[in-house]
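Only one structure is covered here, and it is reproduced in the block below.
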Amino acid sequence: MEKGQTKKLAELIKSSSHTVILTGAGMSTESGVPDFRSKEGWWKEIDPRTVASVEALEDNYPLFREFYSTRLKALQTVQPHEGHKIIAKWEKNGLVQCVATQNVDGLHQKAGSIAVKELHGSIRKIRCNQCGNEAAKEQFITGESCNACRGKLRPSVVLFGELLPQIAWQSAFQHIQKADLVIVIGTSLEVYPVSELPAMTNGKTVLINKDPVWTAHHFFLTIEGNAKEVLHAVDELV
Ligand code: APR
């Protein structure tokens, strides 16, 4: 992260009239939540198809439930960090119009962000996979089945092989189309269709990421660094 880059991003934020922030798992690692594809990420240890897919839910429910229960229990002690709070403050001050996130941890909302589009759903909401009946997370963690139809309980996250929630996607897409600035933070941009969003705006695009990201999209500005540190530095200039 160079001083000139944070100064440039601060100027872009101040001169933008419609700013969208698009986040991935790298936005939550400094709150203690592992990401997926970094060297200490979930998918370095586990094949996602065995736990985070429709097949896993249908054919290997015990492992599916263990994976998501572990993540749910860990989230009970997780708090948003300063970077989440800065984004919420910018929304409050009219500098950010929408946060579109791939994260299912609810940390943006916990930090105070209101216009949050959860493109990959939420791990905090449990429902019956058969009838859609809502259930408490404790019921899922303890292995109970649906009270209404005895079906399998699952978190309302988007599994590999499932479609994204249409309302969240449409709303995020409209904001991206209107945006004159899209700031992408903490994502490898490896998962379709979110990976396509930066290319769908006519506005300027900025990437803040710890590691290089292999993407066909050419960002107007790329800042290599940790989300919390970069957001803190930019916040001092806006
Ligand atoms: N600051 C900035 N970037 C970070 C930080 C940090 N503190 N920590 C990690 N990163 C970067 C990593 O370098 C990596 O490029 O964040 C990126 C996270 O990428 P992934 O682990 O692939 O996470 P994400 O892009 O959100 O994955 C998308 O994949 O498995 C699915 O549903 C899951 O929503 C997830 C989707």
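All values below were derived from every heavy atom in this structure, side-chain atoms included, with hydrogens, water molecules and symmetry-related copies excluded. Every number for a ligand or one of its atoms is a count from 1 in the order of the listing.
- Considering only residues two or more places apart in sequence or on other chains, Pro48 meets the side-chain contact (heavy atoms from CB on, under 4.5 Å) condition with Trp43, Phe160.
- Atom NZ of Lys152 has more than 12 heavy atoms from other residues, nucleotides or ligands within 6.0 Å.
- Of the N or O atoms in Asn103, none lie within a sub-3.5 Å distance of an N or O in ligand 1.
- Within the 4.0 Å heavy-atom shell around ligand 1 one does not find Gly41.
- Closest heavy-atom approach to atom 2 (C) of ligand 1 among the candidates Ala25, Pro48, Gly225: Gly225.
- Scanning the protein heavy atoms around atom 14 (C) of ligand 1, the nearest turns out to be Asn209 ND2, 3.9 Å.
- At a 4.0 Å cut-off, not a single heavy atom of Ala52 sits close enough to ligand 1 to count as contact.
- When the heavy atoms of Gln102, Lys210, Lys44 are ranked by distance to atom 3 (N) of ligand 1, first place goes to Lys210.
- Checked by distance only, ligand 1 and Phe36 come closer than 3.5 Å through their nitrogen or oxygen atoms.
- Close to ligand 1: His120, with a non-hydrogen atom less than 4.0 angstrom away.
- In this structure, Trp42 has no heavy atom closer than 4.0 Å to ligand 1.
- Nearest protein heavy-atom neighbour of atom 6 (C) of ligand 1: Gly26 O, 3.2 Å.
- Under the 4.0 angstrom criterion for non-hydrogen atoms, Val213 is not in contact with ligand 1.
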